[in-house]
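Below is one structure, written out as structure tokens; comments come after it.
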Amino acid sequence: EWMKWHSQMKDSSRRDAVRLAVEAYRIENGSYPTALEDLAHGGLVTPDAIRSGPRELWVWSVAPEGDSYALAPAPAEPPR
């Protein structure tokens with residue numbers, strides 16, 4: 001139970017860090033990034049922060065109007 005809670009808190013902290021970096025990027029550049037990698041390349045977050053798991057990137061999309069975005073954890077891989 002504690003491990004599940006800890007994992008959820010870690011994901012929440014990463015998501016918050018990415019959201020703050022996205023807003024900082026928008027302020028600096030006048031638009032949202034086209035890819036989350038832009039945040040790491042610009043030094044706004046570490047490469048690990050833009051991952052929702054060991055290897056998965058967050059699911060990222062910007063609205064066509066460019067005035068909003070969606071950020072969600074990458075879907076879990078099905079068990080093998």
Side-chain angles (χ1 to χ4, degrees):
E1 191 65 28
W2 183 86
M3 291 299 288
K4 182 178 177 183
W5 175 83
H6 184 264
S7 177
Q8 289 171 343
M9 292 304 295
K10 188 174 180 180
D11 283 347
S12 178
S13 294
R14 277 189 184 165
R15 184 178 11 245
D16 290 346
V18 171
R19 287 179 190 217
L20 287 171
V22 163
E23 291 304 325
Y25 183 97
R26 183 185 59 78
I27 290 167
E28 289 179 5
N29 297 284
S31 63
Y32 289 115
T34 56
L36 291 179
E37 290 88 348
D38 296 342
L39 302 175
H41 292 270
L44 294 169
V45 294
T46 64
D48 286 343
I50 60 172
R51 303 195 181 286
S52 61
R55 292 181 291 276
E56 303 88 9
L57 290 176
W58 291 93
V59 176
W60 167 256
S61 64
V62 178
E65 301 81 26
D67 60 350
S68 63
Y69 66 90
L71 178 67
E77 288 186 20
R80 294 182 179 175

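Position 1 is the first residue of the sequence; numbering continues from there.
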Review item, side-chain donor-acceptor pairs of residues 25-35, under 3.5 Å, at least two apart:
unit_1, atom_1, unit_2, atom_2, d
Arg26, NE, Glu23, OE1, 2.8
Arg26, NH2, Glu23, OE1, 3.0
Asn29, ND2, Tyr25, O, 3.0
Tyr32, OH, Glu23, OE2, 3.3
Thr34, OG1, Asp38, OD2, 3.3

task = Output all residues satisfying side-chain contact (heavy atoms from CB on, under 4.5 Å) with Leu71, sequence neighbours left out; order by chain, then residue number.
result = Arg15, Val18, Arg19, Leu36, Trp58, Trp60, Tyr69
task = Could you tell me which residues satisfy side-chain contact (heavy atoms from CB on, under 4.5 Å) with Ala63, sequence neighbours excluded, listed by chain and number?
result = Glu65, Asp67, Ser68
key: Partner set under side-chain contact (heavy atoms from CB on, under 4.5 Å) for Ala21, not counting sequence neighbours   = Leu39, Leu44, Val45
